[in-house]
Amino acid sequence: MKNETCVIRPFDMATDIESLSAIWIDASLAAHSFLGHARLLEQRNLIEDLYLPSSETWVACRQETPVGFISLLDRFIGGLFVSPGYHGRGIGRRLVDQALTLKGSLSLDVYTRNDQACAFYAALGFREMSRRPTDDQGLPFEIAHLQLNP
């Protein structure tokens with residue numbers, strides 16, 4: 001793993017929506033292709049209009065350009081996304097470390113079919129607490145609930 005130099009800063013509603021939405025769709029298409037392109041495009045509006053504005057979001061920037069972000073709902077990670085071209089460079093780990101420093105413990109839900117994310121969270125020490133057979137929309141995509149208590 002290459003450790004990428006980046007700055008983590010708070011989300012700026014006035015300037016970040018478009019770039020974070022682009023990161024979200026690129027990362028989601030790569031990691032969640034099983035959900036289908038049309039469904040992901042529909043969810044993009046929710047990301048822009050509801051999820052980003054209502055969460056505590058931290059943005060990882062490389063040379064002032066956003067390359068990843070983490071959105072928190074208290075101690076729950078609502079989303080962690082890094083531009084696919086920046087995977088494996090330590091950016092996701094830095095974002096989780098930022099959240100852990102702020103919150104002390106973390107939890108999240110992850111699609112079990114997203115092998116890369118499941119391996120990433122396991123390497124960080126997250127432990128599976130439970131599973132459910134459907135996602136938040138009731139579709140048959142298994143979700144694992146993970147928790148990290150350092």
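Quantities reported herein were computed from a predicted structural model and do not represent experimental measurements.
- Under the 3.5 Å distance criterion, with hydrogens and angles disregarded, no donor-acceptor pair is assigned to the side chains of Ser107 and Arg75.
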Practice task
Go through the steps to decide whether Trp24 and Glu48 satisfy the test side chain to side chain contact (heavy atoms under 4.5 Å, CB included), and finish with yes or no.
Solution key: CA-CA 10 Å; Trp24 179 86; Glu48 295 173 358; over 6 Å; no
Problem - Verdict with reasoning, Asp97 to Arg93, per side chain to side chain contact (heavy atoms under 4.5 Å, CB included) - result: CA-CA 6 Å; Asp97 286 347; Arg93 180 180 295 271; 4.0 Å; yes
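- Annotation for Ile91 and Ala60: closest pair CG2-CB, 3.6 Å, computed over non-hydrogen atoms.
- Following chains of ILVMFWY side-chain contacts shorter than 4.5 Å, one cannot reach Met129 starting from Ile77, and the two form parts of different hydrophobic clusters.
- Linking Ile, Leu, Val, Met, Phe, Trp and Tyr residues whenever their side-chain heavy atoms come within less than 4.5 Å places Leu72 and Leu146 in a single cluster.
- With values rounded to the nearest 0.5 angstrom, Ser28 atom OG is found 8.0 Å from Leu35 atom CG.
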Practice task
Evaluate the criterion side chain to side chain contact (heavy atoms under 4.5 Å, CB included) for residue pair Phe126 and Val110; output intermediate values, then yes/no.
Solution key: CA-CA 11 Å; Phe126 280 84; Val110 63; over 6 Å; no
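- Of the possible polar contacts, none joining the Asp74 side chain to the Phe76 backbone as a donor-acceptor pair under 3.5 Å is found.
- Atom-to-atom distance recorded for Arg9:CZ and Glu64:CD is 9.0 Å, nearest 0.5 angstrom.
- For the pair Arg113 (side chain) and Phe34 (backbone), a donor-acceptor distance under 3.5 Å is absent.
- To the nearest 0.5 Å, the span separating CG on Leu106 from CD1 on Ile70 amounts to 6.5 Å.
- Between the side chain of His87 and the backbone N or O of Val82, at least one donor-acceptor pair lies under 3.5 Å.
- Residues Ile23 and Leu52 share a single hydrophobic cluster, defined by chaining ILVMFWY side chains whose heavy atoms lie under 4.5 Å apart.
- Atom-to-atom distance recorded for Ser54:OG and Leu73:CG is 6.5 Å, nearest 0.5 angstrom.
- Cluster membership for Leu41 and Leu50, using ILVMFWY side-chain heavy atoms within less than 4.5 angstrom, is shared.
- Note that SG of Cys118 and CD of Glu128 are 8.0 Å apart. Values are rounded to the nearest 0.5 Å.
- Annotation for Arg94 and Ile8: closest pair O-CD1, 3.6 Å, computed over non-hydrogen atoms.
- Judged as a side chain to side chain donor-acceptor pair (under 3.5 Å), the pairs with a partner in residues 133-143 (not counting sequence neighbours) are, in order, Arg39-Asp135, Arg39-Gln137, Tyr111-Asp135, Thr112-Glu142, Arg131-Glu142, Arg132-Asp136.
- Each of Trp58, Tyr86, Phe69 was evaluated against Phe81; a single residue qualifies, Phe69, per the ring-ring contact (aromatic ring centres under 6.0 Å, His included) test.
- Leu20 is not connected to Leu95 by any chain of hydrophobic side-chain contacts under 4.5 Å among Ile, Leu, Val, Met, Phe, Trp and Tyr, and they are in different clusters.
- Between Glu56 and Leu102 the shortest side-chain heavy-atom distance falls below 4.5 Å.
- Heavy-atom minimum distance, Ser19 versus Pro66: OG-CG, 3.6 Å.
- From Arg127, atom CZ reaches atom NE2 of His145 across 14.5 Å, with rounding to the nearest 0.5 Å.
- Looking at every heavy atom in both residues, Ser105 comes nearest to Asn149 through CB-OD1, 3.2 Å.
- Summarising the geometry of Ser71 relative to Thr57, their closest heavy-atom pair is OG-OG1, 2.8 Å, with the distance given to 0.1 Å.
- Considering all non-hydrogen atoms of both residues, Leu100 and Leu148 come closest at CD2-CD2, 3.8 Å.
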